[in-house]
Amino acid sequence: MAHIEQSGRSRRRSAPSMRRALRREAPSTVGLLVDAEDFAAMRHYRSFTFDDHEVYLRQVEGLLRTLTAQGMHTTVALFDPEDYAEFCAESGLDPDERTSRSRFTAEIAAAGATVAYTGQPIDTLIPLLVSRAVRRATWEYATMLLSGLGDCADCGQDVGRAAFDRASHLLMRLLETAGPGTHHVVCSTPTDNEQLLAVLHTAQDADGPARLSTSEGAEFATVLAVGVALETQGGVVLRTTAPETPDRVHGWRLHRGSLVPLTAGEVFSAYCTDADTGEPVSPESGVEYCAGFDLGTDAPEAHH
């Protein structure tokens, strides 16, 4: 009998520890109001009890550290008050309830801009999160543009899909030809409403292919595809860093759906001119401004 009672007490003692173990394996998401304007918008809700943005940020930072110390994986999501209000209206939720904010945070964690918390200070985390949100918004807008182009009237081919295939091919040719080093690639594509910008970071060893993030590659190719499909006057700049050599900068311009190499002088002029004022900017020391290299003519056609 004593053995049975002792066993039961053991099971009762183990239940909380089992729940703690499961809690550590359950990921957490924290919604973050990154600027004072968004913070002020949330103060209209009575259930949102914070009244100082700086204090709020430090409290969030403390929460993130506590969750990490407990061995939990935590993701930080950009909390947008306007999107939150729309979400509550569409879902029939009261926006002045904490549970509504929790549900919205779970939604944006699944489909919105997020950053994994790895102990970085809040002042470092915020720019990363904002950059991730801008990238995602750009990708979504570019995807919408491509999907709205329809089929080619001559051949029946999906214009957006064909442009994406061509842009992906051009990107891979660029990285293959760039050779070893750490590459920073920027694509700028104007549209009727705004200037789309995509940035890609990748590294390549002397005896291997380029290593790049799948999401970054898809985002970059989508923005480039918009320029290919719309035949805009955008361009691509590649900056390569390698040990014991100066950084090299190459450039191309978009022309009729192709990337045409710029001359070394054109690259220098583009890199050393202020985009807003048109005034010359001093060239960087330790940087070589080089002509773009030929990407070949074997890329698939975007559309007829």
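Side chains are part of it too, since the values below use all heavy atoms of this structure and drop only hydrogens, waters and symmetry mates. Being a predicted model, the structure only gives us computed values, none of them experimental.
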Are R58 and I122 side-chain neighbours, meaning at least one heavy-atom pair lies under 4.5 Å?
yes
Is the shortest distance from a Lys or Arg side-chain nitrogen in R65 or E61 to a carboxylate oxygen in the other one below 4.0 Å?
yes
What pairs of residues pass the ring pair (Phe, Tyr, Trp, His ring centres under 6.0 Å) test when at least one of them lies in residues 141-164, not counting sequence neighbours?
none
Do the non-hydrogen side-chain atoms of V34 and L125 ever get within less than 4.5 Å of each other?
no
Under 4.5 Å between any side-chain heavy atoms of T189 and V228, yes or no?
no
Return the CD to CD distance between Q204 and E176, rounded to the nearest 0.5 Å.
8.0 Å
Between A167 and A221 the two heavy atoms that sit nearest each other are CB-O, 3.4 Å
About how many Å separate CZ of R135 and CD of E219, when rounded to the nearest 0.5 Å?
4.0 Å
Using a 4.5 Å cut-off on heavy atoms from C-beta on, say whether the side chain of L175 contacts that of V185.
yes
Atom pair OG1 (T182) and CZ (R239), whose distance is rounded to the nearest 0.5 Å
12.0 Å
Tell me yes or no: between the side chains of H183 and T240, is some donor less than 3.5 Å from an acceptor?
yes
Stepwise side chain to side chain contact (heavy atoms under 4.5 Å, CB included) check, V237 with Y271
CA-CA 9 Å; V237 172; Y271 226 78; 3.6 Å; yes
For Q195 and S188, which I'm curious about, is there any donor-acceptor pair between the side chains at under 3.5 Å?
yes
Interatomic spacing from CZ in R161 to OG in S147 - rounded to 0.5 Å:
11.0 Å
Anything under 30° is parallel, anything over 60° is perpendicular, the rest tilted; go ahead and classify F293 against W252.
perpendicular
Determine, using the 4.5 Å side-chain heavy-atom cutoff (strictly less than), whether F48 and F104 are members of one ILVMFWY cluster.
yes
Same cluster (ILVMFWY, side-chain, under 4.5 Å), V260 and V226
no
Approximate separation, where rounding is to 0.5 Å, of Y45 OH and R101 CZ:
9.0 Å
Could you report the tightest heavy-atom contact between A133 and L78, atom names first, then the distance?
CB-CD2, 3.4 Å
S269 (side chain) donor-acceptor with G265 (main chain) under 3.5 angstrom:
no
For A113, is there any backbone N or O sitting under 3.5 Å from a side-chain donor or acceptor partner on R132?
no
Are V287 and V236 connected into the same hydrophobic cluster when the rule is that any two of I, L, V, M, F, W, Y join if their side-chain heavy atoms are below 4.5 Å apart?
no
Hydrophobic clusters here meaning ILVMFWY residues chained together by side-chain heavy-atom distances under 4.5 Å, can you tell me if V199 and V267 are in one?
no
Compare all side-chain heavy atoms of L63 with those of V30 and state whether any distance is below 4.5 angstrom.
yes
Without swapping roles, check the side chain of H250 against the backbone of A291 for a donor-acceptor pair under 3.5 Å.
yes
Working to the nearest 0.5 angstrom, can you tell me the gap between I126 CD1 and Q120 CD?
11.0 Å
Under 6.0 Å from the CD atom of E37, do we count more than 12 heavy atoms belonging to anything else shown?
no
Any side-chain heavy atom of C290 within less than 4.5 Å of one from E288?
yes
Kindly indicate whether the side chain of T114, heavy atoms from C-beta on, has any atom under 4.5 Å from the side chain of V76.
no
Any chain of hydrophobic side-chain contacts (each under 4.5 Å) joining F87 to L32?
yes
Is the ring pair F39/H53 parallel, tilted or perpendicular, if the boundaries are 30 and 60 degrees?
tilted
Scanning both residues in full, the closest heavy-atom pair of T222 with A142 reads CG2-CB, 3.6 Å
Applying side chain to side chain donor-acceptor pair (under 3.5 Å) as the test, list every pair that has at least one member in residues 79-99; sequence neighbours left out.
S47-D96
Quick one: does L149's side chain get under 4.5 Å of L230's, heavy atoms only?
yes
Does the side chain of R248 pick up a donor-acceptor pair with the side chain of T241 at under 3.5 Å?
no
